[in-house]
Every structure is written in structure tokens, then in C-alpha cells.
Amino acid sequence: MPDVTFRISTGSAEQNEEKTYRVPVAEGWVVLDAVHYIQAHEAPDLAVRWNCKAAKCGSCSAEVNGKPKLMCKTRLDDFADGEEIVVYPLKTFPRIKDLVTDVSWNYEVAKKIKPFTPAKDTKWSMDQRDMDRVQEFRKCIECFLCQDVCHVLRNHDKKPEFAGPRSFVRIANLEMHPLDTASRLDFLKNEGGLGYCNITKCCTEVCPEDIHITDNAIIPLKERLVDEYYDPIAKLFKVFSGK
Amino acid sequence: METFEKHEHDVLVIGAGGAGLRAAIEAKAQGVNVGLVCKSLLGKAHTVMAEGGVAAAMGNVDPQDNWQVHFKDTMAGGKMMNNWRMAQLHAQQAPERVLELEKWGALFDRTPSGTILQRAFGGHTCKRLAHVGDRTGLEIIRTLQERAVEAQVPVYMECTVTHLLRAGDRVCGALAYWRSNGKFVVFTAKSIILATGGVGKSFRITSNSWEYTSDGLGMAYALGAELIDMEFVQFHPTGMVWPPGVKGLLVTEAVRGEGGRLTNNKGERFMERYDPKRMELSTRDQVARAIYTEVKEGRGSEHGGVFLDVTHLDGESVKKKLPSMYHQFKDLADVDITKQPMEVGPTTHYMMGGLRVDAETTATTIPGLFAAGEVAGGMHGGNRLGGNSLSDLLVFGRLAGIHAAEFSRQNKQGITPPDVEIQAATRQMLEPFDRKEGASPYEIHDELQDVMQNLVGIMRIEEDIKTALTKLEGLKQRLKTVRVTGSRIYNPGWHLAYDLRNLLNTSEAIARSALAREESRGAHTRLDHPKLSPEWEKITHVIQKDGDGMNLSQMPKPQMPPELAKLFEESH
Ligand SMILES: Cc1cc2nc3c(=O)[nH]c(=O)nc-3n(C[C@H](O)[C@H](O)[C@H](O)COP(=O)(O)OP(=O)(O)OC[C@H]3O[C@@H](n4cnc5c(N)ncnc54)[C@H](O)[C@@H]3O)c2cc1C
Ligand code: SF4
Ligand code: SF4
Ligand code: FES
């Protein structure tokens, strides 16, 4: 196979320098293989975050030729012959070094979400059909690619007011859990800023787990919010039906 | 002069995989002050990769299942090398631990009547593995992670512990560095739980992540703790073999659990010749050896593996039951597993050996130091059954939490780690930066992986192991000259230079134990001693630091009480 040219963004939060490497690649290689090759042969201190190299842990998120991707799942033979491959860190989060960004904000948001709250006398029996839609959300590997691409965070930096698609997936999981009893609608309306989302579906497009973030998580949550806060008849109905 | 960020906890848990998280949750529930350190981001530990399921004798699918049957299967799978008491506690407590996860929000796949569905797996005589498709580890780690966050356990992420610190004979703290900036942190604790996982990165072909550099084993060894059963390294029979970039990546045993068939290039279901009764669901050691033999004798696939085939099963159900395998092959190898067979071969997977612990309390031989999960030895003996690790993490993680908390309460007088120890440790960490020339950590690692893969791998022979030991000694000498360039900020070269110290020590422990055990048992196969020997069944190998050298000794294996031993007589 012919060598491939990689242009890698290196540096810190303040300073960016692109460095170019020629990498002799093998069949079936992914971008992460090439980054490892560069580390071992040319730049031993090149920073990259990864764990499983199997698209299971969500550590190796980066922007490859402008697209948010998992480096361990992005194959080199998907690029055109002779195409230069440009790797940048996630743009939405501050860079620590080279391809590694500080994603700790996502963990701070997670702390604010009300945890799973079953009823005291729950019978632990569930129908698979009631779980199917929730299991989709539980596939999330917390790669934060959806957070990276969402314009509310990426272009408008609404971090304090907007929890982002990953959080909405998590909340949808809890809200639709067959045995959960808590409500997180207040959080969604206020701190979580669900209203900022204008359903562009960019998050869904980049999700490596193929979670239908907008259709299956965000839109149903928006509907619940409307029912809860803006629909007096639905609200009355809830009062009377005790739901 | 270096300044140190300092933190103090009653119990410090090192490692945030299944074992560490479960331990932290439990210690916190005991009312003590807990801190949790991990060298990756929270939720990324190895446990996230587990696929097939968690073993627990709930009897939802096979009502005849109970702890005794699970215990027997575990001991038989481990070729009776297991610490019987650990295997017993594990079998007894696993169901409760799995059900508890459900109360914390986990959603396991269901039976038609609404209980947790259980699937077949190699060496389990009942359908026993609770699962979520083929992403069980993700479900478990996320559930535990969220529970730990709810319990407000402080988590130090991307913080690598490099040394355990001691005052007198007791452990009293740990030295760590932040990956993000390379600055040191000193933790003081009344007791410490190690839950740092395994050793796979010693080998070239492995299903393990970069984290598996045996840090916990190396650090505890340096302190004088005992390592047992180190010859027992599990080679999982089915890793990917093609393309080269993904060689070693795991193909879950659930593929066989769901009915997948192994064939050679003649189209024969070759397991008929090795284990006609259990076929594909034989134990991992047997299947791995069978595949190795088929390939060696010229009946392998194009890329040096064999075929694993699910094309006879319903395509839609394959996609539903094994979604991540479907995607793994489609995305990484251009293989549609519902239409074409997979190519698979053995891959280094799991360390059965590890720190010697007390079964009831998980205490190591160092006062105040506890260990749970893959870093601990004894539970799985000579060969681990699939699904028995996730349950091990939950059962012994919890016990570690209880007993480390108890230790901290009984030893309220905290001890401050002595300054000299801290200074010596930091000096050792920074030396590689000072050298103007020297070996590259990547080169040393590369050679180490070849040595272990080729000389102490799935088929072993005296001469090879001796060569390996000589080469390991050479690598150790080279490590003394290892040179690191760049700054301390997120510097993988520097991180690897530290990891190598632990990798080399555990690799040596593996090689020494493998050389000494002159028989073939479980995952340990000696071409020059191909038979299982009843004499060796009674003996456990113990590795301990001895000055600058490594000492190997033998310890009689604890014998089961008669009422348990009886379980095995009945079956014959
Ligand atoms: C691909 C794959 C599939 C598997 N499938 C199954 C399965 O289906 N069923 C089953 O039972 N088992 C399975 N296993 C085995 C099982 O997943 C592991 O044995 C288990 O997850 C180990 O858990 P642990 O808690 O001991 O360690 P880990 O989950 O590996 O966690 C180790 C933790 O220690 C931290 N750490 C390590 N060193 C340091 C340090 N120096 N400083 C600070 N922190 C440190 C890491 O950051 C991490 O948080 C599988 C393994 C693999 C590789
Ligand atoms: S759909 Fe909403 S959450 Fe998703 S990217 Fe667009 S604005 Fe962001
Ligand atoms: S929802 Fe998808 S894109 Fe977002 S963090 Fe989870 S896996 Fe990643
Ligand atoms: S390294 Fe785990 S997702 Fe890429």
C-alpha cells in the first residue's frame, strides 16, 4: 500500500501547529493506527486519548478531515487514494495537548441529572418491548461527538445553559425507563436548556452508536415538556389521572 | 523543588472498572471517606469492553441451576486450581449482585416472563449469563458509574498512580501524576483497594486496552506483596485475525453461545475431534488449543485462523443478539457476518493469576492493602469461564469495600507517607527526562511484546521460556537507560516508560511460573510436559520480591472441606 500523508494538529489551548508525517500503512488500518505509528517512530510525546481501539469506549474522538469521528473506527481505505488526512482535536472543548481535549464539563453536567429513582415497592419484572427503546439510549459510549458538533455548544458556547445532546439521551433513558418515577422536566426546561435545540439533527448524524438522538430522545422530551408546562388540558388531565 | 498536591481519604480505591467502582460504592455506603483514582476518563475502563455477559446462577432459564452447580463448573473450568472459598463465595453471591444492578438502573435483556434472560457460554452447564446483547460491560460500568456519582464519591480521572507508599509494614498512601499536566499528587489513606486490572499489553496479540500494563501487580510487588498463579494467562480462542490493524480484537464467546460454529478450511467442525460433547462450548483453553492445532497442521484459513460461522442462524436475530459483532466485522473487516464466516484465532485475554488475597476480606499480604477484580488471583484457577469475571468484580469489589472500610475504622490513626519515600519515587519518575540519550520506551515495549508472544505464549517449552527470561533481563537493563523527550504535559512516551517497569516485572513473573510448572493444566500448556499431573494440582506458585531479584516458591493449595469435595465425587 502507498504511504499516506497525515497532517496533525499539535500544541496547546493557545497555540496550534500542524505537523506533517508520511506513514507507511497496512491493510485495514484506522486513523488511530497511524497516530500510534507516528508516536512510536517520530513523535513520542504526541498526545492522543484512546482505550479500547474497538469503538467501545468512546475515548478517541477527534475531527478527521473536518468530521467528528472515532479515530479507531475511521478506516484509511475510506479516503481517496493520495488524499491527505488531517486530524484535529474536538473543537468544542479546550485543548490540553495535541489531540487531547478537556471534556470534564460533560461529567459535571452528568452530576446534575437526577439519578434513577424506582418506587419503593417495585416488582422487578419488565417486558422486553418496554425496554427496547430505552436500551437504544443505553448504547451511548460517551464519546461526546454529538456535544462537539452541536452548534449550541460549538458556535454559541452555551455551556452553562445547555446540557447538550448526550445529556438529553441520558435523560430520555431515565424518563422512559419502565420503572423510574422521578421527573427531570424541570431540569430540561431550565438548567438543561432543551429549548435551545432547534432539531438540526447534526448530533444524530455523528453518533457512532447510531442512536437516533433527535427523533427518539429529543423530540419526545420536547413533547413531554410542552405537555407539562404549556398544555393546560393535558396538565389538568394529569392532575385527575394521578399521572 | 517539586511541590505536591495532597489528598486524604479513609479508603483510596485505585481503578474505576467494575471492581473499583463496586468497591468505592460499598466503602462509601459503610460511611467512610472514599476517593477513587483512575488513569482514564470515568467509564472508559476495560470493563466497558466486556461483551458476552455476567454469570450468576439465578436459574431464570434453566431452573435446575444453583450456586453449587455454578461452583462446580467454575472449579472444573479452572482445572481445580481455583481458591475454593473464592469460587464458593462468588457462586453464592453473584445472583444478588446482578439483581442489585437492576435496582440501580441496569436493563438486562428479558425472558418472555419479564425476568433477566440468561445465555449459554463455554464451560457453564446451565444457561447462566445475564446480558445486554453483546455490550454487557457497558451496561454494568455505566450503572456503577452513575451510582458512584450519585453517592458523591470524588473521582480523580486521568490520574496515574505510580507508587504505593508505606510506613513500617503498612500501606499508607500512593503517589500519582495527572496525565494532563504531569504534576504529582500524594494520596494519604488508611487503607487502599487495588482494582487496576490485567496484563495483556505484555503480549503482541491481545484483546486488552492500553491500560493493561499490570500497574497494580507491579506496584504491590514492589512493596513485597505476593503474586500467585502467574503462569495462568488466558488466551481467548476467538480474536480477529484480519485485517492486521485489528488483529487480536475480541470476538465474543456469545457468538458461540448463540449457536456459532467453528470450522477449518476443509469445512469440518473440528471441535468434534477435541471435545465432541461440548463442541464449540468447550472451555476456552481447549478451544484455543484446538484452533492453534488446526492452523499449525495446515487446516487454517487464509490469514492464519479458522472460521466462525453464524450464517446458518437467522440474520435479523444475529443483528439483534450480536449487534456490536455485526458492526465490528462490517466496519473494520468488510465482512457481513450474517452472510460470510468470520476468521478468528487466539488472542491474549485475561490474567487468572494476580495478588494473593484472603477470600473473605480480599486483603493482600500487605496490611491495609486490598485487591479485587482481575488484579487479584485465585478465583479462576487455571482457566476462567466466560462471564465469571464480571460477576467476580461485583462480588469481590463489594467485599473489598466492606473490609477496607472496616480496616480504616480500626486504624483511625492515619499515617503520613514518609517524605523520603515520596522523594525517591518522584526522582525515579523524572530520571528518564534527564538522559541525553537512551532507549526509546516504544522500542522496549515492542520487543517485550515479541518475547512474550513468541516464547511464553499459548504453547510453551522449557528452552523458549529460558530464552525469554534472558531477554527480559536484557530489556530490564535497557529500561534503566530509557529516555523520554518532551514535557510532562500529557506525554504518552513518559507514561509508557513508567508502565514498562511493571510490565517487565509481571512478564518475568509469568515466565518464571510457567517454567516451574512442569505439566499442562488449563491455560498453561507445556509442549515438553503435555499431561496434567495430579501432583501439581496441590501446588500454587508464589512470586515475591527478594532484594533486587524475584523469588518463586511453592505453597500447598488450600483443600476444600468434605461437603464441597463431595459435589465432585457425585458427578463421576
Ligand atoms: C474485549 C473483552 C471482552 C470481555 N468480555 C467479558 C464478558 O463478557 N464477561 C466477563 O465476565 N468478562 C469479560 N471480559 C473480562 C472483563 O471485562 C475484565 O476482566 C474486567 O472488566 C476487569 O475489570 P477490573 O475492574 O478488574 O478492571 P478494569 O475494568 O480494567 O479497570 C481497571 C481500572 O484501573 C485503572 N488503573 C489501572 N492502572 C492504574 C494506575 N496505575 N493508576 C490509576 N488507575 C489505574 C484503570 O484506569 C481502570 O479504571 C472481557 C474482557 C475483554 C478485554
Ligand atoms: S438536534 Fe439539537 S442537540 Fe442535536 S445538534 Fe441540532 S441543536 Fe444540537
Ligand atoms: S449519544 Fe452518540 S454521539 Fe453522543 S456521546 Fe453518546 S455515543 Fe457519542
Ligand atoms: S479507542 Fe475506544 S472508542 Fe476508540
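Counted within 6.0 Å of NZ on A/Lys73, heavy atoms from surrounding residues, nucleotides or ligands total more than 12; the atom is thus considered enclosed. Within 6.0 Å of atom CD in B/Gln152, 12 or fewer heavy atoms from other residues, nucleotides or ligands are found, so the atom counts as exposed in its surroundings. Open room surrounds NZ on B/Lys183; 12 or fewer heavy atoms of other groups in view lie less than 6.0 Å from it. Other residues, nucleotides and ligands contribute over 12 non-hydrogen atoms within 6.0 Å of the NZ atom of B/Lys28. Counting heavy-atom neighbours within 6.0 Å of A/Glu83 CD, excluding the residue itself, gives a total above 12. Taking a 6.0 Å sphere around NE2 of B/His303, one finds it holds more than 12 heavy atoms contributed by other residues, nucleotides or ligands. In B/Lys321, the NZ atom is not crowded: 12 or fewer heavy atoms of neighbouring residues, nucleotides or ligands sit closer than 6.0 Å.
Among B/His46, B/Glu158, B/His445, B/His327, the residue making the largest number of heavy-atom pairs under 4.5 Å with chain A is B/Glu158. Among B/Glu211, B/Met49, B/Glu51, B/Arg135, the residue making the largest number of heavy-atom pairs under 4.5 Å with chain A is B/Arg135. By number of non-hydrogen pairs under 4.5 angstrom with chain B, the leading residue of A/Leu46, A/Thr122, A/Asp127, A/Val134 is A/Leu46. Contact tally against chain B (heavy-atom pairs below 4.5 Å) for A/Asp33, A/Val100, A/Ile96, A/Asp98: the top residue is A/Val100. Looking only at heavy-atom pairs under 4.5 Å with chain B, the residue among A/Lys114, A/Lys123, A/Gln39 that has the most is A/Gln39. For the set B/His495, B/Glu443, B/Glu146, the count of heavy-atom pairs under 4.5 angstrom toward chain A peaks at B/Glu146. Each of B/Pro492, B/Gly493, B/Gly137 has some count of heavy-atom pairs under 4.5 Å with chain A, and the biggest count is that of B/Pro492. Put simply, of B/Leu496, B/Ile489, B/Leu41, B/Ile141, the one with the most heavy-atom pairs under 4.5 Å next to chain A is B/Leu41. Most heavy-atom pairs under 4.5 Å with chain A, from the set B/Ser209, B/Gly105, B/Gly486: that is B/Gly105.
Both the backbone and the side chain of B/Leu107 come within less than 4.5 Å of a heavy atom of chain A. If you measure heavy-atom distances from B/Ser324 to chain A, the contacts under 4.5 Å come from the side chain alone. At a 4.5 Å heavy-atom cutoff, the contact between B/Leu332 and chain A is made by backbone and side-chain atoms alike. Only the side chain of B/Met157 comes within contact range of chain A, with heavy atoms under 4.5 Å apart. A/Ala55 does not touch chain B: none of its heavy atoms, backbone or side chain, sits under 4.5 Å away. Proximity to chain B is limited to the backbone of A/Val48, based on heavy atoms less than 4.5 angstrom apart.
Under the 3.5 Å distance criterion, the side-chain polar atoms of A/Arg49 are left unmatched by any main-chain donor or acceptor of B/Ser40. For the pair A/Lys53 (side chain) and B/Asn208 (backbone), a donor-acceptor distance under 3.5 Å is absent. The backbone N or O of B/Lys44 sits less than 3.5 Å from a side-chain atom of A/Asn51, completing a donor-acceptor pair. The closest donor-acceptor contact from the side chain of B/Trp210 to the backbone of A/Trp50 lies under 3.5 Å. The backbone N or O of B/Tyr490 sits less than 3.5 Å from a side-chain atom of A/Lys97, completing a donor-acceptor pair.
The existence of a salt bridge linking A/Asp130 and B/Arg110 is excluded, since no basic side-chain nitrogen approaches an acidic carboxylate oxygen closer than 4.0 Å. A salt bridge is defined here as a Lys NZ or Arg NE, NH1 or NH2 lying under 4.0 Å from an Asp or Glu carboxylate O, and B/Glu150 with A/Lys111 fails to meet this definition.
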Any chance you could lay out the side-chain contact (heavy atoms from CB on, under 4.5 Å) test for A/His36 and B/Tyr442, step after step, and finish with the verdict? CA-CA 10 Å; A/His36 284 158; B/Tyr442 295 96; over 6 Å; no
A/Trp124 vs B/Leu99, side-chain contact (heavy atoms from CB on, under 4.5 Å): CA-CA, chis, key distance, verdict: CA-CA 9 Å; A/Trp124 294 94; B/Leu99 291 171; over 6 Å; no
Decide yes or no on side-chain contact (heavy atoms from CB on, under 4.5 Å) for A/Met126 and B/Ile116, but give the supporting numbers first. CA-CA 9 Å; A/Met126 279 177 266; B/Ile116 296 176; over 6 Å; no
How far apart are the C-alpha atoms of B/Lys320 and A/Asp132, what are their side-chain angles, what is the distance that settles it, and do they pass the side-chain contact (heavy atoms from CB on, under 4.5 Å) test? CA-CA 11 Å; B/Lys320 185 145 172 52; A/Asp132 280 340; 3.7 Å; yes
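Side-chain contact between A/Lys56 and B/Gln328 is present, with at least one heavy-atom pair separated by less than 4.5 Å. For the pair A/Gln128 and B/Leu117, the minimum side-chain heavy-atom distance is 4.5 Å or more. With a 4.5 Å cut-off on side-chain heavy atoms, B/Phe108 and A/Met131 do not count as touching. Residues A/Gln135 and B/Glu139 form no side-chain contact, since every pair of their non-hydrogen atoms from C-beta on lies 4.5 Å or further apart. Side chains of A/Glu27 and B/Pro244 form a contact here, defined as non-hydrogen atoms less than 4.5 Å apart. Taking the side chain as every heavy atom from C-beta outward, A/Glu142 and B/Gln145 approach each other to under 4.5 Å. Looking at heavy atoms from C-beta onward, A/Arg75 lies in side-chain contact with B/Asp334 at the 4.5 angstrom threshold. Contact check for A/Phe116 versus B/Trp104: no side-chain heavy atoms found under the 4.5 Å cut-off.
Scanning residues 169-184 of chain A against chain B with a 4.5 Å non-hydrogen threshold yields A/Arg170, A/His177, sorted by number.
Every salt bridge (charged side-chain N to carboxylate O under 4.0 Å, His left out) that B/Asp446 has, sequence neighbours left out, goes to B/Arg204. The salt bridge (charged side-chain N to carboxylate O under 4.0 Å, His left out) test applied to A/Asp3 returns no partner, not counting sequence neighbours.
The salt bridge (Lys or Arg N to Asp or Glu O under 4.0 Å) analysis of residues 485-498 of chain B, with sequence neighbours excluded, yields the pairs B/Glu2-B/Arg488.
Between atom OG1 of residue B/Thr485 and atom CG of residue A/Asp45 there is a gap of 5.0 Å, rounded to the nearest 0.5 Å. To the nearest 0.5 Å, atoms SG (A/Cys57) and CG (B/Leu138) are separated by 10.5 Å.
Between B/Leu42 and A/Tyr107, the closest heavy-atom pair is O-OH, 3.1 Å.
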